[in-house]
Amino acid sequence: MSEFFARFQALPDTLADTPILAIGLTLGAFFAGNWLFSRIGRPLWLPPVVLSACLLSGVIAVLAVDYQDYQQGARWLTVLLGPATVALGIPLYQQMHHIRAMWRPIVVTLPIAATMAAVYAVLIGWALGATPEVLASLAPKSVTAPIAIGITEQLGGSVPLMMGGLLITGVVATLFVDLLARLLPIKDERILGFALGLNGHAIGTARAFEISHTAGAFASLGMGLTGVFTALMLPLVFRL
Amino acid sequence: MPMLRGFLVLVLFFILGESVRLLLALPVSGGVLGMVVITFTLMVKGSVSDDLARASQGLIAVLVLLIMPGVVGVFFTADQFSGQWLAVAAALLVGTFLSVLTTLLLMKAVTASGVSDRE
C-alpha cells in the first residue's frame with residue numbers, strides 16, 4: 001500500500017515529463033475561469049484571465065509541479081502566440097473605414113498618447129528606484145498581451161512581471177476612463193472607445209463593447225494601433 | 001479544413017516576419033512584423049478570405065488561453081522583485097491615470113477643432 005502511495009505521489013512529476021499535463025491544466029483552468037466569471041456576475045474589475053490564472057497557479061502549487069517544467073510543456077500553447085499576433089492584423093484591416101473617417105484626431109492623438117502611456121510608467125518607476133529590468137517590463141503596459149510579450153523579450157524585461165502589470169493596467173484604465181468621462185465630461189463614444197483600447201488593451205476593449213458597438217470598434221482600433229506603434233517605437237527608443 | 005488553410009496563411013506570415021526580423025536584426029518581434037505585413041497585404045488586395053477571417057477569429061478567441069502560462073509566472077517569480085513593489089504599483093496606477101487623462105483631453109481637443117465628419 002505504501003508503495004502505491006509513493007507511486008501516487010510521483011504521478012504529477014512523471015506526467016509533467018510530457019507537455020500534455022501542462023496543456024490539460026491550462027485548458028481546464030481556462031474553462032473553469034470563464035465559468036466562474038459568468039457565475040459571479042461578470043465583474044469589470046476581475047476579468048476571467050485573472051480568475052483562470054489564480055486557479056492554475058493554485059493547482060500547480062498543490063500538485064507540486066515544477067514551474068519550469070510547466071513552462072516547458074506550455075510551450076506547445078505559447079508558440080501559437082506568434083500566429084495569433086499576426087491574426088490581429090485582420091480585425092485591424094476590417095476597422096480601416098473608421099481610420100479613414102476620423103484620421104486626423106487619430107493621427108494626432110495616437111503617437112502622443114501611446115508614447116506617454118509608456119513614458120509616464122517608466123519615469124515614475126525610475127524616480128522610485130526600479131531596476132532597468134523592471135522598467136523594461138513596465139514600458140509595454142498598455143499594449144495587448146501577444147504584442148507586449150514580444151516587446152518585453154526584445155527589451156530584456158520579465159514577461160511574468162509585465163503580464164501582471166498589463167492586467168492591472170487594463171482594469172484600472174477601464175475604471176479611470178469611466179471616472180474621467182464623467183468629470184471632464186466626454187460623451188462621444190468614439191473618443192471613449194479609443195481611450196479604452198489605447199490604454200486598457202483587450203480588457204478596455206471588452207468594456208467598450210459593453211458601451212456600444214461603435215465604442216467597441218474604436219477600442220479595437222486604438223488597441224491595434226497602439227500595439228503596432230509601441231512595438232515599433234519602444235525597442236528603437238530603448239536602444240538609445 | 002478551411003480554418004486550417006487560414007491558419008497556414010497566418011503561420012506563413014509569422015515565419016515571414018521572423019525571417020525579416022532575423023535577417024535585418026530588427027528589435028521588433030516577428031509577430032508584429034507579420035501583422036503589419038498582412039494588414040498592408042489585405043489593404044492592397046481589398047478583401048479578406050473567409051478562411052483567413054475564421055482562422056484569425058478562432059485564434060483571437062483563445063488568446064487568453066495562450067497568454068495564461070505567462071500570467072501564472074507572476075505568482076512564481078514575484079519574490080525576485082521584492083522591494084520594488086511601490087515603484088511598480090505607482091507606475092501602474094498613477095501612470096495609467098495620467099495616460100487616460102492625456103488621451104481623453106487630446107482626443108477632445110482635436111475632435112472639437114474642426115473635424116466633424118460623423119458617420
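Quantities reported herein were computed from a predicted structural model and do not represent experimental measurements. Values below: all heavy atoms of this structure, side chains included; hydrogens, waters and symmetry mates excluded. Letters go in sequence order (proteins before strands), and every chain restarts at 1.
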Quiz prompt | Leading residue by heavy atom contact count with chain B [cutoff under 4.5 Å; candidates Val49(A), Leu138(A), Leu161(A)] | solution = Leu161(A)
Quiz item: What residue, out of Gly150(A), Gly82(A), Gly125(A), has the most heavy-atom pairs lying under 4.5 Å from chain B?
Solution: Gly82(A)
Quiz prompt | Leu88(A) portion near chain B, given a 4.5 angstrom heavy-atom threshold | solution = both
Quiz item: Roughly how far, to the nearest 0.5 Å, is the CD1 atom of Ile90(A) from the OG1 atom of Thr39(B)?
Solution: 7.0 Å
Quiz item: Given side chains that start at C-beta, do those of Lys108(B) and Asp188(A) come closer than 4.5 Å, heavy atoms only?
Solution: no
Self-check item: When Pro69(B), Gly70(B), Gly6(B), Gly95(B) are compared by non-hydrogen pairs under 4.5 Å with chain A, the top option
Solution: Pro69(B)
Quiz item: So do the side chains of Leu77(A) and Met68(B) get within less than 4.5 Å of each other, counting heavy atoms only?
Solution: no
Quiz item: Given a strict heavy-atom distance threshold of 4.5 Å, which part of Ile186(A) is in contact with chain B: side chain, backbone, both, or neither?
Solution: side chain
Quiz item: So which of Leu86(B), Leu93(B), Val88(B), Val11(B) has the biggest tally of heavy-atom pairs under 4.5 Å with chain A?
Solution: Leu93(B)
Quiz item: Do Tyr120(A) and Thr96(B) have a side chain donor and acceptor closer than 3.5 Å?
Solution: no
Quiz prompt | Side chain, backbone, both or neither of Ala118(A) within contact of chain B (heavy atoms, under 4.5 Å) | solution = neither
Quiz item: With a 4.5 angstrom heavy-atom cut-off, which part of Leu232(A) approaches chain B: side chain, backbone, both or neither?
Solution: both
Quiz item: Would you call Val48(B) and Gln94(A) a side-chain contact if the rule is heavy atoms closer than 4.5 Å?
Solution: yes
Quiz item: Which one, Ala231(A), Pro48(A), Ser57(A), Ala22(A), leads in non-hydrogen pairs under 4.5 Å with chain B?
Solution: Ser57(A)
Quiz item: Tell me, do Val72(B) and Gln71(A) make a side-chain contact under 4.5 Å, heavy atoms counted?
Solution: no
Quiz item: Considering only heavy atoms from C-beta outward, does the side chain of Pro91(A) approach that of Ile60(B) to under 4.5 Å?
Solution: yes
Quiz item: Quick one: CZ on Phe97(B) to CG on Leu175(A), what's the gap to the nearest 0.5 Å?
Solution: 12.0 Å
Practice problem: Specify the closest pair of heavy atoms between Ala90(B) and Leu128(A), including all atoms of both residues, with the distance to one decimal. | Solution: CB-CD1, 3.5 Å
Quiz item: Heavy-atom distance under 4.5 Å to chain B: side chain of Leu27(A), backbone, both or neither?
Solution: both
Quiz item: Between Phe31(A) and chain B, which part of the residue has a heavy atom less than 4.5 Å away: side chain, backbone, both or neither?
Solution: neither
Exercise. Just jot down the salt bridge (Lys or Arg N to Asp or Glu O under 4.0 Å) partners of Asp51(B), sequence neighbours excluded, or say none.
Key: Arg5(B)
Self-check item: Leu166(A) vs Ile67(B) side-chain heavy atoms within contact, under 4.5 Å
Solution: no
